[in-house]
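A short worksheet on the structure shown next.
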Amino acid sequence: MAQKTIAIVGGGFAGVACGRRLRKLMTPAQARIVVFSEENYMVFQPLLAEVAGSSILPEAAATPLRVAMPGVECRREKVADIDLPASELIYEVYDGSKQRLKYDHIIIACGSGVNLTAVPGMADHAMPFRNVADAVALRAQISQQLEQAAVTADAAKRKFFLTFAVIGGGFSGVEVAGEINDLLQAAGRYYPTINPNESQVILIHSRNQLLPEVSSNLRDFTKRKMEEAGVLIVLEKRVKLVTGEGVTLSDGTQFRAATVIGTTGTGPHPFVERLQAVKDKGRIKTTPEMRVEGYPNAWAIGDCALIINGFDTQPSPPTGQFAERQGKQCAANIVAVLSGKPTRPFYFKPLGMLCAIGGHNAVAEMLGFKLSGFFAWWLWRSIYLMKVPSLSRKVKVAMDWSWELLFSRDITGLKIDTANRIQDAYFASGTYVFKQGDPAADFYVIETGQVEIMREIEAGKGQETVAVLGPGDFFGEMALVQDRPRNASVRARTDVEVTVIGKGMFARMSKILAPLSQQIHAAIRKRTMLRQELPKSSAILKQMLMSDLMESLPSQPLSEACTFAAVVGQFEKERVDFFCVVDGKARLTGVLTRSDLLRSLEQLAGMSDEKRDKLVVGDIMTRNPLWITLDDSPLMVAEMMRERSLKRLPIVYSATDLRIAGCVRLEVLMAVVMRRLGPSI
Ligand SMILES: Cc1cc2nc3c(=O)[nH]c(=O)nc-3n(C[C@H](O)[C@H](O)[C@H](O)COP(=O)(O)OP(=O)(O)OC[C@H]3O[C@@H](n4cnc5c(N)ncnc54)[C@H](O)[C@@H]3O)c2cc1C
């Protein structure tokens, strides 16, 4: 038989089991086996919670693929696509170029993807928990919070630092909540300034019991033991919002927590989404023998595949146990195909479930037995130790576990540099980005939504809004440039998405990018001027109401569906310089200015006639425009218009009611001030 090329996409439970078994069953002369994986190690996910809780070192949960699969060609390269009809795999080389590999058989074992978009703010503010890097980051975060709490005099802040909210009460949520709780308790003796009652782990689950996979009495045991250990368990509540301040639940309950961990949010793998194969809820549909439907030489196994288990005719659950079995049987089926023998449908009698719940307790359902408590925990450790794929890793894990029995947990917190970070963040309407007096750590650029800058009028006399900023604006630069605490608070006026740039990165960017530096310094000058420079005008504006300055819109608002041709006619007829655009409920969604019109002319030049005819206002308008409300202060509005050289601004009823009440014009504003200043001006 000529040498066959067998490619495997993914070096996880399924890919590794398949590669190992294939190598056992076929000599190198019979088959070249190539595994593509984004990492050069296999992650043993069941041990991740132990990494986060400092029970074992990170390397113990990651086995190098070359060690786990001797004799298999391991390529740390990302597979970009698979051309199933041509039997070719397209992969990305280290320099970014793409290459093709012709295969005789391919096994798709790329796992599942992450989808954190279901809950607003989760992608930006919750820590994911899926791989070794996530576990290491969580461990560093726990350590950082302990250190901060230990030196903070403010009791509310200490409580905030020491509160950890875990979203999801499945296996990984329960395990990680239990481990964090154990670590916090074990670390207590080294932090004498922290009262043990100040730390709190909260486990939030949408169903009425934790661990849906185990029987009811084990679920009750899990809940009772975790509560006895001090974990707050919140059932039948969904997390509705995650911000930098914590979580808000479906019933409005809020938990302030400096750390939120998201263990839910599994979605289809983006690579699978692109694949031209039959899918069911994002998983590749296979035949009973695990072939991709319609392609006899393509196989799919593990979390990315929907495989019916012949044992109970149910879809296989996305667990390591199933992925490993599928990997082994898939290898046997490929060998059977190559030697002209019949294949077997996937059939596996599950061995049971094991879950560690903290405090040297676990729950287990094995081969019909139900176990809980210390014995189950011992079993949990023994079985997972057996399952770790290489001898060197087994020894490492065993040594770490023995160490923990003799000595206390390691509280070393490897520093994660946040000064050089660039990341997205989400703030719900009404929440603070930072408060006056806070230390300056980051610079912010608004992507969508609005924030208001607020200053204390006098100590204890409340705050006034001094500016409103919208998409494209930035804030947070003053305190960074002048190296002092924040001199104003910033609060989200609507739901806001921002890009956060750490202090170090901001310093480097503003040093090397002269235009950015100039813009920042110009903004600082402008933001501090009007009140100081024109105290009389400012005093007049301060006493006025927006209703004193409001006019009706110069023209009827447009709808987003209005065609380009119609809108050009409107501009010509009405002789205005901008139109407001509204949705079906008359809420402001954008503005269309002459500049938008000019810009779209350039786009039109490269368009076919058909596309040109279909162009509508929604395609060319400026979305998320700045608006003000009837409650805003005319002084602040004057400053906004001056800073941005705006001639006119739409006024809406309120931040939650974006129907248009009217507009304000710069000329009107100036005329009113001049009239009130009197002839002396
Ligand atoms: C925290 C946690 C705890 C868990 N605990 C348990 C447990 O106790 N028991 C249990 O049975 N299961 C557990 N699971 C579930 C189990 O880990 C998964 O079911 C299992 O990992 C699935 O294996 P897989 O091979 O399909 O995917 P994975 O193990 O996710 O491996 C996928 C591999 O594909 C690679 N890959 C992805 N895309 C590409 C690409 N385009 N190119 C190249 N390579 C690519 C990845 O780098 C990765 O190596 C846990 C999961 C988590 C997150």
Side-chain angles (χ1 to χ4, degrees), residues 7-19 34-53 61-65 68 74-82 89-92 106-114 127-135 138 166 168 170-177 179 211 213-214 261-266 268-275 283-284 300-307 316-327 330 348 350-357 362-364 380-381 383-384 387 389:
I8 302 176
V9 184
F13 275 86
V16 167
C18 188
V34 194
V35 173
F36 289 84
S37 184
E38 285 183 279
E39 298 91 24
N40 78 341
Y41 54 84
M42 175 196 162
V43 181
F44 197 77
Q45 282 99 338
L47 293 182
L48 288 183
E50 301 248 327
V51 174
T63 308
L65 291 178
C74 297
R75 302 188 69 121
R76 186 188 178 170
E77 280 158 331
K78 184 177 171 174
V79 175
D81 212 345
I82 302 173
L89 169 152
I90 300 121
Y91 61 98
E92 282 176 18
I106 190 159
I107 300 116
I108 307 166
C110 59
S112 56
V114 187
M127 301 185 75
F129 195 67
R130 289 176 61 95
N131 55 42
V132 181
D134 297 338
L138 177 56
V166 179
F171 278 89
S172 44
V174 165
E175 288 188 353
V176 79
E179 275 290 326
L211 296 178
E213 296 86 350
V214 301
I261 301 124
T263 66
T264 56
T266 306
H269 193 292
F271 168 77
V272 171
E273 270 185 307
R274 287 197 304 272
L275 207 66
R283 294 168 87 184
I284 303 167
I301 52 175
D303 283 7
C304 69
L306 191 104
I307 301 167
S316 304
T319 65
Q321 200 182 126
F322 271 80
E324 195 188 321
R325 288 299 163 132
Q326 288 162 359
C330 179
F348 173 52
L351 299 174
M353 292 285 178
L354 286 157
C355 181
I357 62 174
V363 287
W380 180 92
R381 284 207 155 176
I383 289 179
Y384 280 121
K387 292 247 158 229

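As the structure lists them, so they are numbered: ligands from 1, and atoms in each ligand from 1. Only heavy atoms go into these numbers, but all of them, side chains included; no hydrogens, no water, no symmetry mates. All residue numbers in this chain count up from 1 along the given sequence.
- Among M42, K78, Q45, the residue whose heavy atom lies closest to atom 14 (N) of ligand 1 is Q45.
- Among D303, T263, L48, the residue whose heavy atom sits closest to atom 26 (O) of ligand 1 is D303.
- Each of the atoms 33 (C), 34 (O), 49 (O) of ligand 1 lies under 4.0 Å from some heavy atom of G11.
- Within the 4.5 Å cutoff, side-chain heavy atoms of M353 are placed close to those of F171.
- In this structure, a donor-acceptor pair under 3.5 Å is absent between the side chains of R283 and S316.
- A tilted orientation is assigned to the rings of F36 and Y91, their planes being inclined by 30° to 60°.
- Considering all non-hydrogen atoms of both residues, P270 and G113 come closest at CD-CA, 4.5 Å.
- The shortest N or O to N or O distance between P318 and ligand 1 is under 3.5 Å.
- Contacts between Y384 and ligand 1 below 4.0 angstrom, taking non-hydrogen atoms only, involve the side chain exclusively.
- Taking only nitrogen or oxygen atoms, main chain and side chain alike, E175 does not reach within less than 3.5 Å of ligand 1.
- For atom 40 (C) of ligand 1, the closest non-hydrogen atom on the protein side is V79 N, 3.7 Å.
- The protein non-hydrogen atom at the shortest distance from atom 12 (N) of ligand 1 is G320 N, 3.0 Å.
- When side chains are defined from C-beta on, D134 does not count as touching L48, because their heavy atoms never get closer than 4.5 Å.
- Here I307 contributes atom CD1 and F322 contributes atom CZ; the two are 10.0 Å apart, rounded to the nearest 0.5 Å.
- The nearest protein atom to atom 48 (C) of ligand 1, hydrogens excluded, is given as E39 OE1, 4.0 Å; this is a heavy-atom distance.
- Here is the list of ligand 1 atoms found below 4.0 Å of a heavy atom in G302: 26 (O).
- When all heavy atoms are compared, the tightest approach of V176 to A52 is CG2-CB, 4.4 Å.
- From the protein, the heavy atom lying nearest to atom 36 (N) of ligand 1 is E38 OE1, 3.8 Å.
- Here M42 contributes atom CE and L65 contributes atom CG; the two are 8.5 Å apart, rounded to the nearest 0.5 Å.
- Taking 4.0 Å as the cut-off, F36 counts as a neighbour of ligand 1 on heavy-atom distance.
- Here's the thing with F271: none of its N/O atoms is less than 3.5 angstrom from an N/O atom of ligand 1.
- Atom 6 (C) of ligand 1 has as its closest protein heavy atom P46 CG, 3.8 Å.
- Near S172, meaning under 4.0 Å from any of its heavy atoms, are these atoms of ligand 1: 1 (C), 2 (C), 3 (C).
- For atom 27 (O) of ligand 1, the closest heavy atom belonging to the protein is G111 CA, 3.3 Å.
- Counting the atoms of ligand 1 from 1 in the order shown, those under 4.0 Å from a heavy atom of E77 are 43 (C).
- Every N/O-N/O distance between L354 and ligand 1 stays at or above 3.5 Å.
- Atom 35 (C) of ligand 1 has G10 CA, 3.6 Å as its closest protein atom, hydrogens excluded (heavy atom only).
- Contact annotation: for A109 versus ligand 1, heavy atoms closer than 4.0 Å belong to the backbone alone.
- In the vicinity of A14, heavy-atom distances shorter than 4.0 Å reach the ligand 1 atoms 25 (O).
- For ligand 1, the atoms closer than 4.0 angstrom to any heavy atom of F129 are 1 (C), 53 (C).
- Residues F13 and D303 have side chains not in contact (no heavy-atom distance under 4.5 Å, counting atoms from C-beta outward).
- The protein heavy atom nearest to atom 49 (O) of ligand 1 is S37 OG, 3.2 Å.
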